[in-house]
Structures are given as structure tokens and as C-alpha cells.
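Take a look at the structure set out below.
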Amino acid sequence: MRTRVVALEAQTGRRERPCSSPRCLPARFISVDTSPTPAPDTARTATPRPDDPGTARTAAPPPDDPGTARTATPPPDDPGTARSGRHRTGPAGSASAASRTPSDTGGRPTVGRTSGGARRATAGRKTDDTRRAAADRSLAGNRATIRRDDTPETADTTEAADTTGPSSARRRRRTVLLLLGLTAVTSATALVLGLLSWAPDPPEPARPLTLGEGERLAAVRVTNLRDLRAGVRVTAGTGAARIELVGWVDWSRSLLYLDVGGPGAGAERGLLQKSGPVLVIRPDPAAVPTPAAPPLMPPADRWRLHRLAPGAHLAPVLDLLLDLAADRPDTTTRTAPPDGARWIARETVPAGPLDVIQAPLPTGAPAASTAIGTPSAATPAPDGQTRYWLDQDARLHKLVTRLPDAGPVTMIFNRADRPTLRPVDALGGRPGLPRALTDAEQRRLDRLPARLRAHGGATVTLTAPMGTDTNLRGAGWLSWAARTAYLAVADLGVPDRRTLLRRDAAALARADLPAADAGGGTAEAPARPPLPPPAGGWRVSRPGRDDLSVLVDAAIAAGSVGQRGAAVRVREDVTAGRTVDVIESGPADARLRYWIDRDGSLRRLELQTDAGAWAHLDLQPAVVPRLAANPRPAAPRPSAPRPSTPRPGAR
């Protein structure tokens, strides 16, 4: 270890003993004296007086340095001080110049001296100057040596001081990033290796049903009835014969509301509603092949009674949808599962875990088809057996089976999609809650005939699904004062023909004419009949008992609803922007519904036809033209009596 010696020769002229430890060196002692030049005599050094001009060249020591009272201290902003932390040395002669004291003259003033004394003083001053110059040269050399010796160590120390903090932070940051990168690479490698080597657990083999699974299978139809409704999506058939259904099933009212699509939809493409045995459709041949959920509020027009052709794919599918509900569980399935009933697998869906159970269709449902050669591409049950996807609450989420004339069928149920469905008017509209009439409703019903006669008449619009092949539309007038009616009726099955219907108090007359001669219009919305009525072609008969005749006769009767107390209020409804009370009356085989507004006017008259659908006449009070009476058939001529005498030549 190098020992540094601090020389105080610049201040005191004495050599200090070297310190054994660097810690005892004051920071401001910056000079090391190693020359053999003796220090000047300190005995001649005297403290200068304040007014001595020789003290002008002596720098005042800093007041806070106890050991260097007479040592020159550089100002803080001295440019000789290095920024790197090294000690400041200053110019070569600064220490000697700053350490000059009045001792050169012995501390005595020179004013008034003799010439000899002046010469002696001058000679002594020259000797002292020469000595000090030699000492300064030696001190400068020592300083250069010390700089060369100390520079590497001081530079290293300064560089370390300058770079220790930032370099350590950068090294730590690089180390952390390297560790994170290695962790990510290791995780990715482990994941890839795990995926490549992963193999799913072998599926649980099929087994017979447990007691709990058998009870859930037996309660499927009861659960459907309890839940009332569900959304449904059905795919039936394959290839060009495939049909697709989207909509809802209401098991509580035995009601279906579906949108029919797919390449095999045919004439049924469009909207469909089915209530029990009655099926009505709203065909839309221009609809896209892929069906969508139908509107919750069904359209009011273009509905017609429809009969499915024998062997149609749609019939068994609709029957199966409605047969998936019952008011009691299948006791046979609960006590003894049927042959072939087995637990197949377990699947997990957003609704939760489902058990896949293979079992026959419930009693009363269409029998599953197991005919050889039936395509099986659309069903995961190639053996033709029915499979149920059941949750833990016996709710059916999916059904896969095979039906006669339909092929493979897949039904997917959305148990959370349960809106209230509204049947169309052809199916009777909303069911309502029948009750007895209030006093105000009974008074309006009693005054109805007189009020209708006061109105005089009304325009009439007829919508009558009379049978599976007969859907009538009509328009015309009705007069309560003359008790007559005159309508032009169109059959949707024969759009280019019209039937003119004239009804009076005595008879009913009909005439068949081309659509252009009977007022025109379309089959869905025919125009009113021509005035005056055509002269010929009328067929006169007594009023019949067909549904159309009964409906027109009830309208002409001016609201005579029979005996008091036989009517019930079904519900409240709206027609033509008016709130009405729907009141039902009449025998069970010919129920009539009167739509009476709060003013006591009749707005609609409905009749349940033999086909189970509802035909109705919409009435709008108006001034009607004078309607002539029906033509009377000519009375038959009496035949001449045969002569009682035999003809000539007769025996």
C-alpha cells in the first residue's frame, strides 16, 4: 500500500511525518514533498502587521481549518479543480507565492535603513529567493510524479463512482428480461409437448339406466308440460328433402308457432301455426331458404287453413313436437326401463352437464322408423334408436330420432326462450279467461239489436277458413234495416272466379262469374260486388245450414244472441283501433262471438266452423246502397190433365 506524505512546507516550512493510514490525511492537503531540500528557517518568520505591505501577497487561511491556519485555500469556483473528484493542485508556483511571509525581512520594516543594511537585506532576499525557486522546482516535480502515480487509481475510482449505479440497474434489468424470456420459452415448450402427447380419457362405456335416470326419463313429458313453452329448432330429412323449423312450442295449449324453411319446405314455406288438429299457414314462396325466428306478434292477414299432403315430411315432425308433453309420468318407464334403454354418454353444454340416454319414443308418439336403407347422415344414432339429452331436472335439451316419411330428425330445445304465444284469429286468437257478464256488459248486449237498426247498415269484410280446401275472402254490404246482404266471395283455391251472394229475409241467391265481371280485386282482397246486380245467372234456394250461411244470417239478425244469461265474456281485445269485449254465445256446435265496443256497436262477428277454425265478418257502420230483393223463381206451369177417354185405335 502506497503511503502518501502530506508536506506542509508551503505553509510552515517543515516536513511532516508520513501518516501510516490514508484516513488521517485531510482532503485539502494536496502536495507531497520528497526532495532533500531543507525547509527554510522558521525562526525568522514573524507575524506581519496588518499594515505591512508585504502581507498583500499572502492569502488568508480558511477559518474552518484548524491545522492549516496559514495555508492558502482556493476559491470554490477555481477552474483548477477537477470534476472527477481528484485533488486540486493549482499552478506550480502558487503554493510558494502564497506561503511567503514577512520572515524574509525578519519582520522588521525597511524604511529608514542605511544603505549597507539595504544591501544586506537585498542580498539576503536574493539568497532566499534563489532557495525558494529551487524548492518550488523540486515541489513541481514531486507534484507531477504524484499525478502520474495517482491518476490511474483516481480515474478508476471516479469511473466506478460514475458508472456503478446505472450499470448495475442495466445489468439487473437485462437479467430479469433474460429470466422472463427463458420462462416463456420453457412454458411454450412444455405446452406443445403436452398437447402432442395428450390423449383424451377413454369414454365411459354404455350401461343400463340407474333408478334415478329411469325416473328422469319417465318425467320428461311432465316437465315439458310444467315448463309450458320452449324455443325449438328442428331439422328433418336429408338432401333436397330436408326441412328446417325455427320457432316455439307451447305444450300447455298444444300450440306450435314456427317458421318453415329448407329445400324441402314446398308449399308450407313461410309461417305456420298449429293448434291441436287445426293447421294454418301463411305461405311466403319468396322467403329465403334458411328460416328465422318468427315475429312474436304474428301478421293478421293471409292466413289460410291448410291440409298436409299424405306422406309429407312435416306431419310426423309436428305431431312428435306436440306429443312430448303429458300430465302424468310414464309409470312403465319409471318402474322398468324399456328394452334397449341405456345410458350412452355425458356431455357438457352452457346449460350444464347432460346425460345422453337411448330409449324408445314415449307411448302415443309416432313410432321411430328403423327401415333398412334409411339415410343416417344427419343423426348420431346409426342404429335408428331415439336418444335424449337430459339435464338433472329431467328437462329435454335435445332429441334425435328417425320418423316414418321424415327420415332422421334432430330437435334442439332452448329452455330459456319461453315467450307467451298469440294464436292468429283463424285459431281463435288469445284464449282469455271466460267469465259471466257484468251488468254494464249485459245492458250493452241487450240494446245491441236496436242500436244496429239505428245504424242502418255497414260495410262487410269476410275471412272464412271453411275447410281444408276452402278458404273464403269476401267484401260487400249489409243492411240491418232491410235485413239484406250483398257480397262478392272469392275462394283462394280458385283465384279467377267470384261468387255473388245475395241474402234477404226470404231466400238466398248465388251467381258464379269471372273475377273481372264481379268487381275485380285479388283473391286475398276481392272488391265489392257490382251495382246494380247482374240480371241473370242467379240460383235461388232456401237459406242453408252451411257455415257461410249461418254466419251471414247471424249478422242480419241484428245481434239477437238468444236467451239472457247464456253468454260469457271471453276476453278484452282491440280491432280497428277500438277496445272491445269479446262475448261468446250460442250452442256448442255453433258458437258465435260478438265483438262489441264500449259504445255498444258490433265490430266483428265470429263463428267456429266445422273444421275447428274461426270465420269472421268485420263490420264498419256506413251508409249502404239500396239493395233490391232477390229474384223470385218462376212458378211452374200446371200440367194438362190426361183425357180419361182412350185414344182412337186403343183397345
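Remark: Asp227 engages Arg395 in a salt bridge, criterion side-chain N to carboxylate O under 4.0 Å.
In terms of heavy-atom proximity, Leu217 sits nearest to Ala359 at CD2-CB, 3.6 Å. Across all their heavy atoms, Gly237 and Arg242 have their closest contact at O-CG, 3.6 Å. The heavy-atom pair separating Tyr257 from Pro295 by the smallest distance is OH-O, 2.7 Å. Pairing each heavy atom of Ser275 with each of Leu255, the nearest pair is CB-CD1, 4.2 Å. Among all heavy-atom pairs drawn from Ala326 and Leu225, the shortest one is O-CD2, 3.3 Å. Between Arg253 and Pro431, the shortest heavy-atom distance links the atoms NH1-CD, 3.0 Å.
Around atom CZ of Arg302, more than 12 heavy atoms belonging to other residues, nucleotides or ligands sit under 6.0 Å away. The number of heavy-atom neighbours closer than 6.0 Å to CG of Leu179, taken from other residues, nucleotides and ligands shown, is above 12. No more than 12 heavy atoms of other residues, nucleotides or ligands shown are found within 6.0 angstrom of CZ on Arg328.
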Q | CA sep, side-chain torsions, deciding dist, call: Asp391, His397, side chain to side chain donor-acceptor pair (under 3.5 Å) | A | CA-CA 8 Å; Asp391 63 11; His397 291 262; 3.0 Å; yes

**Q.** Pair Val424-Leu427, side-chain contact (heavy atoms from CB on, under 4.5 Å): steps then yes or no
**A.** CA-CA 5 Å; Val424 296; Leu427 298 179; 4.1 Å; yes

Q: Start with the C-alpha distance between Leu271 and Trp303, add both sets of side-chain angles, then the distance that settles side-chain contact (heavy atoms from CB on, under 4.5 Å), and finish with yes or no.
A: CA-CA 9 Å; Leu271 298 180; Trp303 290 93; 3.7 Å; yes

Q: Determine, step by step, whether Val409 and Thr235 satisfy the side-chain contact (heavy atoms from CB on, under 4.5 Å) criterion, reporting the C-alpha distance in whole Å, the side-chain angles of both residues, the deciding distance to 0.1 Å, and the verdict.
A: CA-CA 6 Å; Val409 177; Thr235 301; over 6 Å; no

(Q) With side-chain contact (heavy atoms from CB on, under 4.5 Å) as the criterion, how do Arg173 and Leu177 come out once you've worked through the C-alpha distance, each side chain's angles and the decisive distance to 0.1 Å? (A) CA-CA 6 Å; Arg173 184 164 58 252; Leu177 293 177; 4.3 Å; yes

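A side-chain contact (heavy atoms from CB on, under 4.5 Å) with Leu258 is found for exactly one of Leu318, Val234, Leu314, namely Leu318.
In this structure, OG1 in Thr175 is found 12.5 Å from CZ in Arg170, a value given to the nearest 0.5 Å. Between atom CG of residue Asn224 and atom CG of residue Leu321 there is a gap of 10.5 Å, rounded to the nearest 0.5 Å. Here the CG-CZ distance, from Asp393 to Arg415, works out to 10.0 Å after rounding to the nearest 0.5 Å. Atom CZ in Arg387 sits 10.0 Å away from atom NZ in Lys398 (nearest 0.5 Å). Within the model, atoms CD1 of Ile281 and NE2 of His306 stand 4.0 Å from one another, a figure rounded to the nearest 0.5 Å. The distance from the CD atom of Gln273 to the CZ atom of Arg422 is 10.5 Å, given to the nearest 0.5 Å.
Judged purely by atom type and a 3.5 angstrom limit, Glu213 uses its side chain to pair as donor or acceptor with the backbone of Thr210. Not a single donor-acceptor pair under 3.5 Å links the side chain of Arg269 to the backbone N or O of Asp284. Listed for the Asp259 side chain is no donor-acceptor partner under 3.5 Å among the backbone atoms of Ala293.
Annotation: cation-pi pair Arg229/Trp248 absent, no NZ/CZ under 6.0 Å from the ring centroid and within 45° of its normal.
In this structure, the side chains of Arg282 and Pro299 come closer than 4.5 Å at one or more pairs of heavy atoms. Residues Asn414 and Val232 have side chains not in contact (no heavy-atom distance under 4.5 Å, counting atoms from C-beta outward). Proximity of Leu390 to Leu396: side-chain heavy atoms (C-beta onward) are separated by under 4.5 Å at one or more points. Side-chain contact between Leu182 and Val185: absent, with no pair of heavy atoms (C-beta onward) separated by less than 4.5 Å. A heavy-atom distance below 4.5 Å is found between the side chains of Leu403 and Leu361. In this structure the side chain of Leu320 reaches within 4.5 angstrom of the side chain of Leu399, judged on heavy atoms. Side chains of Thr386 and Val400 form no contact here, defined as non-hydrogen atoms less than 4.5 Å apart. Side-chain atoms of Trp251 and Leu324, non-hydrogen and from C-beta on, do get closer than 4.5 Å to each other.
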